[in-house]
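Proteins come first, then strands; the chains are lettered A, B, ... in the order of their sequence lines, and each starts at number 1. Remember, it's a predicted structure, so these values are computed and weren't measured experimentally.
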2 protein chains.
Amino acid sequence: MTASNRDDEKLKSEIRLRFHQLGQRFTQEREALLAVLLTTDRALTPQELYEAAQKSETVGLTTAYRIIETLTRIGFAQVILINGELRYRLCSPTHHHHMVCTQCQKVEEFAECQLEGLDYGSFHPTSHRVEIFGLCEQCQKGSS
Amino acid sequence: MTASNRDDEKLKSEIRLRFHQLGQRFTQEREALLAVLLTTDRALTPQELYEAAQKSETVGLTTAYRIIETLTRIGFAQVILINGELRYRLCSPTHHHHMVCTQCQKVEEFAECQLEGLDYGSFHPTSHRVEIFGLCEQCQKGSS
DNA sequence: TGCCTTATCGAAAATGGTTTTCAATAACTA
DNA sequence: TAGTTATTGAAAACCATTTTCGATAAGGCA
């Protein structure tokens, strides 16, 4: 189950590069956590990330929190508020928006963005966020 | 300092009506908290709401949390994630989006919405959220 | 108006997610 | 390979939010 609309190999090497530039080390723990993030298309809670990583490597919950913080700060992950919970997902660093399944927390990226031409008056925009909530194909079938 | 793009009097009577329909009482504490929410255009943390309400009435922090929960649940307030913090703002129940000042947390509503014509493929959208982040007019002047 | 029912209040305790601490460990560099 | 230092993780600290529960007051009704 690969996140189809992300180029995972490219993303991985970009992150490696960025870590190197920042003088950060590529530890086994980070490798395992990143592998989890790369192979899911769901937005995860730190707890979920931690649990999923246990399958391949012993990783502490603190370390899961730390990698999320780092990836978010350098732009390779984004926080999404789903059903009142903060969840995190690995993202391509290019401009995009999200389709979010509120049942399974799957997140699909999409590039179309129609907010460029709008008139914001005296407000000075610096960034924006568009989230489409709904049900993914699987969850439409699975439940009534 | 009134939130110019909300019809506060109308909103207040709508909320009163809704509370009545739900068998909820209109206490002095709720009155005070609602007054704060009606007279600010900023998104507030529960703590800030609590502190602001003290000026006119003694209100407990728990009560501030409770009114936020209720207003959010019945659609008269929305949560917004600003600089990693969850903040809440009274909103008109009609469809709209937000311009959010990341410095003073002022939130302006706007009605334009250009997401209707998009193709979501097999994804079944049920709602969406658009947030424009930036600096409001005052904060552009105030700081370099 | 005053009574009665019951929603609401709030202080305190409990909860639980997140961050900090710090000694041990392991990645990278020279 | 050795030395430097970023990283780890268990435990403690932190703190925002929720729960508890006895006291209070809102609002319906006689």
* Asked: How many Å lie between CD on B:E85 and P on C:dT19, as a whole number?
  -> 13 Å
* **B:Y88 side chain near B:L49 side chain, heavy-atom distance below 4.5 Å** => no
* Given atom CD1 of B:I67 and atom C1' of D:dT17, what is their separation to the nearest angstrom? -> 17 Å
* Below 4.0 Å: OP1/OP2 of D:dT18 and any side-chain N or O of B:Y65 -> no
* Asked: Side chains of A:E85 and A:T45: donor-acceptor distance under 3.5 Å anywhere?
  -> no
* Asked: B:T70 and B:Q24: side-chain donor and acceptor closer than 3.5 Å?
  -> no
* Using a 4.0 Å cut-off on protein heavy atoms (strictly under), produce a 5'-to-3' string for nucleotides 2-12 of chain D with B for base contact, S for backbone-only sugar-phosphate contact, and - for none. => ---BBSBBBB-
* Salt-bridged, B:E109 to B:R89, with N to O below 4.0 Å? -> yes
* Structure fact -> Here the distance between atom C1' of C:dA27 and atom CD of A:E31, to the nearest Å, is 13 Å
* Length of the line joining B:R87:CZ and D:dT17:P, which is rounded to integer Å -> 11 Å
* **Nucleotide C:dC28, atom P - distance to CG of A:L22 in whole Å** => 14 Å
* To do: Send over the distance from A:R16 CZ to C:dC28 P, rounded to a whole Å.
  => 8 Å
* Asked: Over how many whole Å does the gap from B:H20 atom NE2 to D:dA26 atom C1' extend?
  -> 12 Å
* **ILVMFWY cluster, B:L81 and B:Y65 together (side-chain gap under 4.5 Å)** => no
* To do: Would you mind listing every salt bridge (Lys or Arg N to Asp or Glu O under 4.0 Å) that reaches into residues 121-134 of chain B, with sequence neighbours excluded?
  => B:R129-B:E131
* What does the inter-axis angle of the helix from C:dT1-D:dA30 to C:dA30-D:dT1 come out as, five pairs per end, nearest 10 degrees? -> 40°
* Sub-4.5 Å side-chain heavy-atom contact between B:R42 and B:R87 -> yes
* To do: On DNA chain D, check which nucleotide each of B:F26 and B:L86 is closest to and give me the residue with the more 5' one.
  => B:L86
* Mind calculating the distance between CD (A:Q47) and P (C:dG16) to the nearest angstrom? => 12 Å
* **Nearest non-hydrogen partners of B:Q140 and A:S122, listed with the distance** => NE2-O, 2.7 Å
* Please work out whether the ring planes of A:H128 and A:H97 are parallel, tilted or perpendicular, with thresholds of 30° and 60°. => tilted
